[in-house]
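Scroll down for the structure; my scribbles are underneath it.
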Amino acid sequence: MAGVSVQAFRRQGRRFGAGLVCSEMVSVAGIQHRNERTLGYLRVGADEHPLAIQIFGSDPSAMAEAARMVEAAGADVVDMNFGCPVKKVTRTGAGASLLDDPDHACRLVEAVAGATALPLSVKMRRGVENGSRTCLAVGPRLVDAGAASLTLHPRSAKQMYTGTADHSLTAELVSLVDVPVIASGDVTSRTRAQTVLATTGAAAVMVGRAAQGNPWALREIMGDETEPTREEVVAELLLFMRETVRELGEHRSFGFLKKFYGWYLGRGRFPRAFKQELVQLPTLAEVEQRLLAAAPGARFVLERLLDEVPDPQDEVLLDALPISLYGGG
Ligand SMILES: Cc1cc2nc3c(=O)[nH]c(=O)nc-3n(C[C@H](O)[C@H](O)[C@H](O)COP(=O)(O)O)c2cc1C
């Protein structure tokens with residue numbers, strides 16, 4: 001998820017039971033131009049595997065090059081975004097707009113499949129227009145072009161995130177292709193996950209928004225219903241903050257983290273006014289202090305977590321990528 005699935009989010013997801021995690025969508029144009037921030041999305045932590053890195057773009061050779069970079073960065077799966085509904089992306093011929101140009105979509109899949117030995121997955125929406133069934137026509141063609149799995153979020157691009165995901169389309173897609181289909185959309189609980197799996201025949205479910213600031217949703221989906229204590233919630237938030245600062249730097253993290261306070265502390269865990277107070281504090285150090293004051297025992301939970309999570313030094317650093325991939329040699 002763009003603006004959410006930073007490395008700290010993915011590592012946390014793995015710790016809480018996710019079988020596969022995915023990066024934010026990474027611009028192939030950014031990769032082509034060696035944009036520093038874009039290349040930062042290709043950092044892979046030792047404890048993230050299996051990890052998919054998702055790329056988006058509309059130029060076959062740039063897509064192929066990006067896929068080679070994704071492989072060199074150490075990802076386990078390269079995922080292609082044919083679902084992003086945001087105008088800034090669709091007007092460049094990328095994201096969900098590719099569902100309306102299946103010939104070109106297939107060319108992109110062929111280019112990527114030919115460029116990397118990694119399994120290639122494609123993430124789609126149902127189509128661009130409301131009620132569209134385009135994914136059912138395009139999906140099998142993408143498989144013929146080289147996609148090893150498909151993920152369907154059965155809302156239209158026009159719908160953005162309104163309404164509900166219509167998983168009857170997921171069931172239809174499953175019946176049309178002989179590769180695993182992953183169901184994405186409105187999977188928020190174990191009951192919901194079981195229903196979607198049983199009614200669609202999908203190989204897996206993908207959890208998005210329900211895991212934002214709430215990794216315990218993943219634990220619940222995997223069968224452990226234990227509610228987190230306030231100390232556990234604060235400790236996970238503090239760990240997330242520290243890892244995000246390490247990844248994005250203090251300046252970028254400050255604004256980025258604000259949305260996470262409500263996600264972690266909501267759901268009746270802390271009074272609403274507490275979140276309001278946190279977003280107004282001027283530094284992350286003060287946010288940390290205030291969180292520890294609200295749940296002093298979190299300090300010990302955090303210490304235990306810090307002992308448990310692998311050393312960030314184990315990360316595959318960008319410097320380790322072959323120089324030629326940067327066009328520098
Ligand atoms: C903030 C946000 C960012 C997202 N970014 C991406 C993205 O980069 N790539 C992608 O394939 N889907 C993205 N999605 C869509 C989700 O992967 C997922 O398909 C959708 O949210 C429905 O699943 P959910 O109900 O579990 O959230 C994003 C969704 C949200 C809410």
Side-chain angles (χ1 to χ4, degrees), residues 1-7 9-10 13 16 18-31 37-38 40-42 51-57 66 70 75 77-90 92 94-99 105 108 120-127 135 139 142 147 149-167 169-170 173 181-193 195-197 200 202 204-218 220-221 255-260 262-263:
M1 285 184 289
V4 176
S5 308
V6 290
Q7 199 186 70
F9 184 81
R10 306 186 310 250
F16 277 84
L20 171 68
V21 289
C22 188
S23 74
E24 305 182 55
M25 55 191 238
V26 185
S27 154
V28 304
I31 290 180
R37 194 179 279 198
T38 309
Y41 292 125
L42 301 183
L51 166 76
I53 291 184
Q54 186 185 69
I55 53 176
F56 73 97
V70 165
V77 174
V78 55
D79 187 71
M80 298 173 73
N81 182 315
F82 291 0
C84 182
V86 175
K87 280 236 167 60
K88 203 171 122 191
V89 171
T90 54
T92 65
S97 68
L98 285 161
L99 298 171
L108 293 177
L120 157 60
S121 59
V122 177
K123 173 120 180 310
M124 301 183 285
R125 286 213 173 211
R126 64 183 293 163
C135 62
L142 300 178
S149 77
L150 300 173
T151 304
L152 180 63
H153 173 204
R155 280 186 173 86
S156 70
K158 280 260 161 66
Q159 252 183 299
M160 302 293 284
Y161 296 95
T162 62
T164 51
D166 178 0
H167 283 297
L169 278 166
T170 313
L173 183 64
V181 172
I182 300 174
S184 167
D186 306 342
V187 177
T188 52
S189 65
R190 181 169 178 82
T191 310
R192 187 75 196 124
T195 305
V196 169
L197 289 172
T200 62
V205 288
M206 176 179 280
V207 181
R209 290 166 295 173
Q212 293 175 153
N214 192 27
W216 300 278
L218 300 174
E220 192 269 337
I221 288 169
F256 172 86
L257 284 168
K258 283 189 176 178
K259 57 185 181 280
F260 283 87
W263 287 338

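Each ligand, and each atom within it, is numbered from 1 in the order the structure gives. All figures in this text were calculated on a predicted structure; none of them were measured in a lab.
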Close residues, ligand 1: non-hydrogen atom nearer than 4.0 Å: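 Residues M1, A2, M25, Q54, N81, K123, H153, Y161, S184, G185, D186, V207, G208, R209 each place a heavy atom under 4.0 Å from ligand 1, listed by chain and number.
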Distance under 6.0 Å and angle within 45° of ring axis: R10 vs F16: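 No cation-pi geometry.
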Flag for D186-T164: side-chain donor and acceptor within less than 3.5 Å: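 No, no side-chain donor-acceptor pair sits under 3.5 Å.
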Those residues that, when tested against R126, pass salt bridge (charged side-chain N to carboxylate O under 4.0 Å, His left out) (two or more places apart):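 Partners of R126 by the salt bridge (charged side-chain N to carboxylate O under 4.0 Å, His left out) criterion, ordered by chain and then number, come out as D166.
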V187 and M206, any side-chain heavy atoms less than 4.5 Å apart: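 The answer is no; the side chains never approach within 4.5 Å.
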side-chain contact (heavy atoms from CB on, under 4.5 Å) partners for S189, two or more places apart: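 In terms of side-chain contact (heavy atoms from CB on, under 4.5 Å), with neighbours along the sequence ignored, S189 is linked to T191, R192, E220.
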With F260 via ring-ring contact (aromatic ring centres under 6.0 Å, His included) - residues at least two apart: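 F260 satisfies ring-ring contact (aromatic ring centres under 6.0 Å, His included) with F240, F256, W263 only.
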